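Here is the structure we will look at, set down as structure tokens.
Lettering of chains follows the sequences in order, A, B, ..., and the numbering in each one begins at 1. Since the structure is predicted, the reported quantities are computational estimates derived from the model, not experimental observations.
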Amino acid sequence: MHQTSNEFAPASQGELQRFVQENNSGERLAIYPVGGRTSLNFGRAATRPGSLVSLAKLTQTVDYPVRDMTITVEAGIRMDELAALLREQGQQLPIDVAQSNRATLGGVVATNASGPRRYGLGTMRDYVIGLTAIDAAGRMFHSGGRVVKNVAGYDLCKLMVGSLGSLAIITQLTLKLKPLPESTVLLWTPFNTFAEIDSALNDLQESSARPVVLDVLNTSAAKHVSAEARQDLPCDGPVLVIGLEGTARETAWQVEKLKDELHRKQPGEIVVTEDEPATRLLQALTEFPTASDAPLTFQAGLLPSKTLQFIEQATSQNIAVQSHAGDGLVIGHLPDMASSVEQVVELLKPLRELACNGRGNLVVLNCDADWAKDLPIMGEPEPGWPLMQQLKKALDPHNILNPGRFVFCEST
Amino acid sequence: MTTQTESPGNSIAAELLDGFREIVGDEGLLHNADELLVYECDGYIVEKKSPDVVVFPTTTEQVVAIVRLCNKFDVPFVPRGAGTSLSGGCLPVGGGVMITLTRMRQILEINLRDRYAVVEPGLVNVHLTQRLKDTSYHYAPDPSSQGACTIGGNVATNSGGPHTLKYGVTVNHVLGIEAVLPDGSVVELGGPAGAVGGYDLTGLFVGSEGTFGICTKVIVRLTRDPAAYRTLLGVFETVADATQAISGIIGAGIIPAALELMDQGIVGAIEEAYKFGFPLDAGAVLLMEVDGLEVAVDEEAERMVKICNEHGAREVRRATSEAERQLLWKCRKQAFGAVGRLSPSYCTQDGVVPRTRLPEILEFITATGQEHGIRIVNVFHAGDGNIHPILLFDERDQEQIDRVMKASDAILSKCLELGGSVTGEHGIGVEKIGFMDKMFTAEDLDVMADIRLVFNPDSRCSPAKMLPTAGACGMEHIERDHPGKQAAS
């Protein structure tokens with residue numbers, strides 16, 4: 001982030017709209033929308049000073065028709081507050097987010113954050129069915145609606161998910177919800193080698209179980225997660241974590257099936273956690289991306305079949321690695337020895353190559369602000385980059401929203 | 001395919017036709033008036049307009065060359081798949097060039113380990129799932145027209161289907177797209193590892209109804225087959241009882257794989273056609289399917305049976321074999337085919353209401369049918385709140401068409417009043433363009449128009465679709481090039 005000159009927290013969506021409109025017809029200062037400020041270091045360094053616009057006061061529940069299993073809320077609601085509201089009705093938004101006691105719904109949508117259960121339950125794009133946002137000129141626009149199925153108009157919800165506040169300020173969201181499962185179970189088992197895990201993952205494609213989590217941790221990440229979960233889990237080798245949700249009968253049946261299937265792969269001890277310990281373990285897995293003071297944290301997305309090779313390379317570089325391996329997503333914390341930007345560039349080089357060869361990319365989630373300008377923070381440019389720049393120009397022609405931080409265009 | 005001389009009055013320049021011939025050969029071209037008739041409408045038969053020429057490319061390069069030629073001659077063009085869409089999405093408003101993609105139908109890659117397939121846009125939806133037979137994977141979106149509709153067309157309209165209740169619609173299963181943009185450039189959006197950086201343009205492109213360009217390749221996600229199914233048929237005395245049962249099931253936190261309602265009118269037609277043994281005196285039947293682990297499906301099925309009984313179900317039958325299950329689904333998916341037994345023409349609406357408002361909208365539909373003297377039967381995706389009232393009429397009678405339009409308008413307006421949408425899966429096309437300013441504010445439409453201009457600055461690609469505002473540009477263009485060639489309105 002860039003140093004900002006002032007901060008503004010509107011009390012209503014209308015007040016925010018007026019602020020943005022006045023700014024657009026006046027000085028056109030930069031606007032940096034923020035929610036819980038958990039991801040301020042995600043994205044490139046800002047290019048000019050401006051106002052922090054906090055959505056913290058926009059927390060109203062607009063409509064919660066419980067039996068329709070949808071909810072409409074303002075974007076500033078904290079993820080833990082939202083979860084509590086839904087839990088009362090036996091429902092959930094199954095997006096695992098780190099620091100949910102700070103992170104806001106709008107921020108999570110803007111950063112497209114996800115966690116372990118994305119393998120079985122999807123990501124934000126699968127849950128946002130309606131949205132209100134304000135573009136740089138102060139146009140308040142809507143997309144989608146409040147029903148679970150709707151194809152009227154262009155799907156700007158998809159465009160806004162992961163747009164990092166660079167196109168418009170998200171002020172209100174309508175979400176599709178899921179029932180809370182009766183039971184959550186996590187299986188934790190170390191293997192001798194990454195190749196063995198790869199082979200186990202391959203077999204799991206045909207498993208009679210239907211996991212919602214397929215995470216892989218290298219030893220250093222496993223130790224970290226085990227400690228955070230306050231559980232003495234075996235960490236004598238890379239660990240495979242399999243998560244299950246459903247009725248108690250469903251998860252119990254799957255646990256037996258999985259033990260059977262895994263034993264053929266000769267893993268180490270298989271630890272089964274249920275109830276509160278399982279919740280704590282899932283929480284520790286969810287917090288992994290932010291629970292570190294590592295000099296740099298990255299996220300790579302690549303084909304699931306190329307993921308173990310990537311983890312092995314990263315492990316050889318002393319990087320603590322968690323992977324949502326079923327989806328080919330890898331999060332890594334660089335070791336403390338990476339103390340200069342030159343070293344970081346060297347460390348990331350082979351990983352970038354592997355990510356790109358795996359039809360994917362590597363982005364930096366968090367690093368020293370001074371390094372950001374010298375690193376390809378958002379990874380290799382996508383083929384759609386020129387279109388993205390034009391979209392940015394269409395909604396923010398004067399480069400007011402998060403200038404320089406994500407997709408950018410020349411200020412006009 | 002023909003090589004006959006063009007029909008009199010055809011406004012396409014001979015030079016342009018020669019250009020197309022060079023690209024796709026005579027066998028890839030239709031321009032004889034008789035042959036063009038097939039292409040004058042899709043499943044929405046109220047408005048018709050023949051294109052001036054239909055071109056059948058077989059490669060992305062040919063699509064590029066065709067689009068460039070259209071631009072050079074300043075002629076509008078519209079992509080088309082199998083033409084099964086139901087709101088005039090591929091109607092060639094103003095004539096021009098129709099680019100039909102049904103000859104690009106290869107499955108280019110299947111990767112089970114990484115759970116994706118790369119297909120050409122003209123591939124028929126069910127052909128992918130058929131190819132995946134015995135792999136324990138399938139392609140989840142299953143529109144009722146899946147035996148004919150193409151995956152490219154599904155991308156354009158963001159198609160749904162009965163099983164999207166649990167598995168999501170097309171956009172939830174598209175990882176990447178190759179598209180020829182309206183300027184003739186080729187762009188890859190997303191990829192097999194999903195969107196990996198920048199905006200989710202794949203998600204934005206899906207459902208853009210052919211107004212952002214022509215999709216030439218689709219990377220789709222593959223889904224594990226469920227281990228087990230239980231397929232049930234709930235028989236109810238009245239539609240109201242059935243809709244209350246639906247509300248009860250969803251409200252209880254059960255997400256069945258499918259939940260489909262068929263009323264007495266449609267059941268009669270289906271029974272006549274397929275002889276399943278549906279009760280003809282029942283007010284409505286509910287086709288319900290749960291899927292998942294063998295150990296779980298019976299329990300979930302029991303819960304649904306209980307809820308149905310609580311809401312006055314006369315009986316709940318179970319499909320006892322895979323053959324019976326397939327027959328039930330055949331009846332449901334080919335219900336529209338059976339409508340021919342009821343009426344010479346029909347118009348299907350596609351409104352959505354919050355699922356707990358189904359009883360209200362169904363009552364309203366009945367009342368509206370009576371008010372306008374139009375017979376309406378219902379078969380729809382009840383679990384999603386996505387209604388499909390089928391309005392029966394005779395298209396030879398303009399007065400009937402007018403009444404159908406009025407009744408449709410009333411039903412869709414009611415959906416909006418109940419907090420819903422005018423389209424759940426068929427798209428806006430030309431049919432519902434008049435509803436856009438009822439559903440969206442001027443600013444919403446303004447923003448959408450700006451976004452469309454990024455992809456389609458001259459509105460030469462699929463003009464006059466989706467947006468009433470952005471269409472204006474395209475319409476002027478058409479009036480200039482093809483005076484008097486507007487679609488019937």
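- In this structure, chain B has heavy atoms under 4.5 Å from both the backbone and the side chain of A:Ser166.
- Contacts of B:Thr423 with chain A are made by both backbone and side-chain atoms, with heavy-atom separations under 4.5 Å.
- In this structure, OG on A:Ser305 lies 11.0 Å from CZ on B:Arg115, to the nearest 0.5 angstrom.
- Top candidate by heavy-atom pairs under 4.5 Å with chain A, chosen from B:Ile254, B:Leu181, B:Val352, B:Val169, is B:Val352.
- Ranking B:Glu425, B:Glu209, B:Met439, B:Lys432 against chain A, the residue ahead of the rest is B:Glu425, based on heavy-atom pairs under 4.5 Å.
- Shown here for B:Ile451 and A:Leu156, the closest heavy-atom pair between the two residues is CD1-CD2, 3.5 Å.
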(request) List the steps and the verdict of side chain to side chain contact (heavy atoms under 4.5 Å, CB included) for A:Leu159 and B:Leu201. (result) CA-CA 7 Å; A:Leu159 181 63; B:Leu201 298 188; 4.3 Å; yes

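- Within the 4.5 angstrom heavy-atom criterion, no atom of A:Glu380 approaches chain B.
- The candidate from A:Asn112, A:Leu180, A:Leu167, A:Asp126 with the greatest count of non-hydrogen atom pairs under 4.5 Å with chain B is A:Leu167.
- For chain B, no part of A:Met160 is nearby; none of its heavy atoms comes within less than 4.5 Å.
- Here CG of B:Leu293 is found 10.5 Å from NZ of A:Lys257. Values are rounded to the nearest 0.5 Å.
- Most heavy-atom pairs under 4.5 Å with chain B, from the set A:Gly145, A:Ser143, A:Gly153: that is A:Gly153.
- At a 4.5 Å heavy-atom cutoff, the contact between A:Leu204 and chain B is made by backbone atoms alone.
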Using side chain to side chain contact (heavy atoms under 4.5 Å, CB included), reason through B:Asp450 and A:Asp135 one step at a time and then give a plain yes or no. CA-CA 12 Å; B:Asp450 283 353; A:Asp135 81 353; 5.8 Å; no

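- Heavy atoms of other residues, nucleotides or ligands lying less than 6.0 angstrom from CD of B:Glu188 number 12 at most.
- For a residue to count as touching a neighbouring chain, one of its non-hydrogen atoms must lie under 4.5 Å from one of that chain's; by this rule A:Pro304 touches chain B with backbone and side chain alike.
- Per-residue counts of heavy-atom pairs under 4.5 Å with chain A were compared for B:Asp384, B:Val187, B:Ile428; the largest is that of B:Asp384.
- When heavy atoms are compared at a cutoff of 4.5 Å, A:Leu391 approaches chain B by way of both its backbone and its side chain.
- Proximity to chain B involves both the backbone and the side chain of A:Tyr154, based on heavy atoms less than 4.5 angstrom apart.
- Residue with the most contacts toward chain B among A:Gly358, A:Ala152, A:Ala394, A:Pro386: A:Ala152 (heavy-atom pairs, distance under 4.5 Å).
- Residues B:Leu204 and A:Asp155 have side chains not in contact (no heavy-atom distance under 4.5 Å, counting atoms from C-beta outward).
- Atom CD of A:Gln205 sits about 7.5 Å away from atom CG of B:Asp114, to the nearest 0.5 Å.
- Atoms OG and CG, from B:Ser185 and A:Leu387 in turn, are 7.0 Å apart once rounded to the nearest 0.5 Å.
- The closest side-chain heavy-atom distance from B:Pro354 to A:Arg146 is not below 4.5 Å.
- Options A:Arg125, A:Gln390, A:Arg139 differ in how many heavy-atom pairs under 4.5 Å they form with chain B, and the most are formed by A:Arg139.
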Can you check side chain to side chain contact (heavy atoms under 4.5 Å, CB included) on B:Glu294 and A:Trp253, steps first, answer last?
-> CA-CA 10 Å; B:Glu294 184 62 50; A:Trp253 183 86; 5.5 Å; no

message: With side chain to side chain contact (heavy atoms under 4.5 Å, CB included) as the criterion, how do B:Glu299 and A:Glu250 come out once you've worked through the C-alpha distance, each side chain's angles and the decisive distance to 0.1 Å?
response: CA-CA 10 Å; B:Glu299 198 178 308; A:Glu250 280 174 299; over 6 Å; no

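- To the nearest 0.5 Å, atom CG of residue B:Leu189 and atom CD of residue A:Glu382 are 8.5 Å apart.
- Only the side chain of A:Thr247 comes within contact range of chain B, with at least one heavy atom under 4.5 Å from a heavy atom of that chain.
- The residue among B:Asn158, B:Asp350, B:Asn386 with the most heavy atom pairs within less than 4.5 Å of chain A is B:Asn386.
- Only the side chain of B:His381 comes within contact range of chain A, with at least one heavy atom under 4.5 Å from a heavy atom of that chain.
- Residue with the most contacts toward chain A among B:Asp225, B:Leu112, B:Thr211, B:Val171: B:Val171 (heavy-atom pairs, distance under 4.5 Å).
- The candidate with the highest count of non-hydrogen atom pairs below 4.5 Å against chain B, out of A:Gln254, A:Lys176, A:Gln91, A:Lys178, is A:Gln254.
- If you look at B:Tyr199 and A:Phe406, their ring centroids are closer than 6.0 Å.
- Contact annotation for B:Ile250: both backbone and side-chain heavy atoms come within less than 4.5 Å of a heavy atom of chain A.
- We find the NZ-CZ distance between A:Lys158 and B:Phe205 to be 15.0 Å, quoted to the nearest 0.5 Å.
- Highest contact tally toward chain B, considering only A:Cys157, A:Ser208, A:Pro383, A:Gly326, is held by A:Pro383 [criterion: heavy-atom pairs under 4.5 Å].
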### Task
For salt bridge (charged side-chain N to carboxylate O under 4.0 Å, His left out), just list the numbers for B:Arg113 and A:Asp198, CA-CA rounded to whole Å, side-chain angles, deciding distance to a tenth of an Å, and then say yes or no.
CA-CA 11 Å; B:Arg113 175 69 176 84; A:Asp198 202 21; 3.1 Å; yes

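- Of all the listed residues (B:Gly203, B:Ser247, B:Gly424), the one sharing the greatest number of non-hydrogen pairs under 4.5 Å with chain A is B:Gly424.
- Using a distance-only test at 3.5 Å, with no hydrogens or angles considered, no donor-acceptor pair links the side chain of B:Glu443 to the main chain of A:Phe141.
- For A:Arg118, the CZ atom sits in a packed shell: over 12 heavy atoms of surrounding residues, nucleotides or ligands are nearer than 6.0 Å.
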